[in-house]
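Keep in mind that this is a model prediction, so the values were computed, not measured.
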Amino acid sequence: MSRLRRWWDARVLPGLVERACKSHAILAERQRWVPQAAGAVLEIGVGTGLNLPFYDAAQVTAVTAIDPSPALLARAQARAAAAAVPVELVEAAAGAMPFDAGRFDCALVTYTLCSVDDPGAALADVRRVLRPGGRLIFVEHGRSPDPRTYRWQRRLTPAWRAVGGNCHLDRDVAGLLRAAGYQVASLDAAHVDDGPRWMSYTFQGIARTP
């Protein structure tokens, strides 16, 4: 990784990610989905901790929140300390998590699968650490079913990855979940009103382990 890339990822990207993830549409998604987590929860890609204020203390016993970025985890510290539930921040990436199989009741992933190198391996690792019948709550952007929009997503993704922390615009999130062995119990998939069409198609719902 070049010196410029390291500087960008450590100094600039965390602030850009936080600003982008504070939109009204994403706030409404957090308010809808995060409180549905329960039990021992694993959050994948905690980033700066924007989900942490929305966990329901009446349902959640503890949150283990992972991210591979030390810069983002540092920004998440204050939100973790202020959360209504116990939060442990762990520097780790889905795909190589240091947790025992079946440790968690529930997992949460929001706007993270777009940026992991191997989403299939990441989802398989999450499935490993969830108990049988455990839930994966997901809110992700990805591949639009509109052919014209999808063509733009494919064209823009190489440049977008370079400045957006490896973010892919064109991943089929529902397909990835099914290929990783999850049962998609509920799914809302549509373009949201906030943002350009090439980055505003979202997959929201709950998947379960067998």
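- Counting only distance, with no hydrogens or angles, the side chain of Glu91 and the backbone of Ile66 share no donor-acceptor pair below 3.5 Å.
- Put simply, Phe104 and Leu52 are part of two different groups of oily side chains (I, L, V, M, F, W, Y) that touch within less than 4.5 Å, one to the next.
- Scanning both residues, Ile44 and Ala94, for their nearest heavy atoms gives CG2-CB, 3.8 Å.
- The closest side-chain heavy-atom distance from Val192 to Tyr201 is not below 4.5 Å.
- Residues Val126 and Thr209 have side chains not in contact (no heavy-atom distance under 4.5 Å, counting atoms from C-beta outward).
- Remark: the backbone N or O of His168 is not paired with any side-chain donor or acceptor of Thr157 at under 3.5 angstrom.
- Of the inter-residue distances, the one linking Asp170 atom CG with Arg155 atom CZ reads 12.5 Å to the nearest 0.5 angstrom.
- Listed here is the closest heavy atom pair of Gly47 and Ala76: O-CB, 3.5 Å.
- Shortest non-hydrogen contact noted between Asp67 and Val46 is OD2-N, 3.5 Å.
- Proximity of Arg208 to Leu136: side-chain heavy atoms (C-beta onward) are nowhere separated by under 4.5 Å.
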For a quick test of your reading: what N or O donor-acceptor pairs under 3.5 Å do the side chains of residues 139-147 make, sequence neighbours left out?
| from | atom 1 | to | atom 2 | distance (Å) |
| --- | --- | --- | --- | --- |
| Glu140 | OE1 | Thr112 | N | 3.0 |
| Glu140 | OE1 | Leu113 | N | 3.1 |
| Glu140 | OE2 | Tyr111 | N | 3.1 |
| Glu140 | OE2 | Thr112 | N | 2.9 |
| Glu140 | OE2 | Leu113 | N | 3.2 |
| Ser144 | OG | Asp146 | N | 3.1 |
| Ser144 | OG | His191 | NE2 | 3.0 |
| Asp146 | OD2 | Thr149 | N | 2.9 |
| Asp146 | OD2 | Thr149 | OG1 | 2.7 |

Handout entry: Worked verdict on Thr64 versus Val41 for side-chain contact (heavy atoms from CB on, under 4.5 Å)
Key = CA-CA 6 Å; Thr64 301; Val41 179; over 6 Å; no
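- Listed here is the closest heavy atom pair of Ser115 and Asn166: O-ND2, 2.8 Å.
- Taking the side chain as every heavy atom from C-beta outward, Arg171 and Pro119 approach each other to under 4.5 Å.
- Side-chain N or O atoms of Asp172 include one that pairs as donor or acceptor with a backbone N or O of Gly175 at under 3.5 Å.
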Practice task
Please test Thr48 against Arg79 for side-chain contact (heavy atoms from CB on, under 4.5 Å), starting from the C-alpha separation and ending with a verdict.
Solution key: CA-CA 8 Å; Thr48 61; Arg79 291 188 175 107; 3.6 Å; yes
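- Side-chain N/O atoms of Glu43 and Tyr55 include a donor and acceptor closer than 3.5 Å.
- Residues Ile137 and Thr110 form no side-chain contact, since every pair of their non-hydrogen atoms from C-beta on lies 4.5 Å or further apart.
- At a threshold of 4.5 Å between side-chain heavy atoms, the hydrophobic network of Ile, Leu, Val, Met, Phe, Trp and Tyr places Leu187 and Val109 in one connected group.
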Please tabulate, for the side chains in residues 127-135, all donor-acceptor contacts under 3.5 angstrom to protein atoms that are two or more places apart in sequence or on a different chain.
| from | atom 1 | to | atom 2 | distance (Å) |
| --- | --- | --- | --- | --- |
| Arg127 | NH1 | Ala180 | O | 3.1 |
| Arg128 | NE | Asp125 | OD1 | 2.9 |
| Arg128 | NH1 | Phe99 | O | 2.8 |
| Arg128 | NH2 | Met97 | O | 3.1 |
| Arg128 | NH2 | Phe99 | O | 3.1 |
| Arg128 | NH2 | Asp125 | OD1 | 3.1 |
| Arg131 | NE | Asp105 | OD1 | 3.1 |
| Arg135 | NH1 | Gln36 | O | 3.3 |
| Arg135 | NH2 | Gln36 | O | 2.6 |

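- Summarising the geometry of Ala57 relative to Val85, their closest heavy-atom pair is CA-CG1, 3.6 Å, with the distance given to 0.1 Å.
- Rounding to the nearest 0.5 angstrom, the gap separating the CD1 atom in Ile26 from the OG1 atom in Thr202 is 9.5 Å.
- Under a hydrophobic clustering in which Ile, Leu, Val, Met, Phe, Trp and Tyr are joined whenever their side-chain heavy atoms come within less than 4.5 Å, directly or via other members, Ile206 and Val173 fall into different clusters.
- A ring-ring contact (aromatic ring centres under 6.0 Å, His included) with Trp198 holds for exactly one of Tyr150, Trp160, Trp152; it is Trp160.
- In this structure, OG on Ser200 lies 10.5 Å from CG on Leu169, to the nearest 0.5 angstrom.
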Handout entry: Evaluation steps, side-chain contact (heavy atoms from CB on, under 4.5 Å), between Trp33 and Gln204
Key = CA-CA 8 Å; Trp33 292 106; Gln204 308 175 43; 2.8 Å; yes
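- In this structure, Phe138 is a member of the same hydrophobic cluster as Leu176, with clusters built from ILVMFWY side-chain heavy atoms closer than 4.5 Å.
- To the nearest 0.5 Å, the span separating SG on Cys114 from CE on Met199 amounts to 8.5 Å.
- Scanning both residues, Ala207 and Leu177, for their nearest heavy atoms gives CB-CD2, 4.4 Å.
- Contact check for Arg32 versus Asp188: side-chain heavy atoms found under the 4.5 Å cut-off.
- Leu42 is not connected to Val116 by any chain of hydrophobic side-chain contacts under 4.5 Å among Ile, Leu, Val, Met, Phe, Trp and Tyr, and they are in different clusters.
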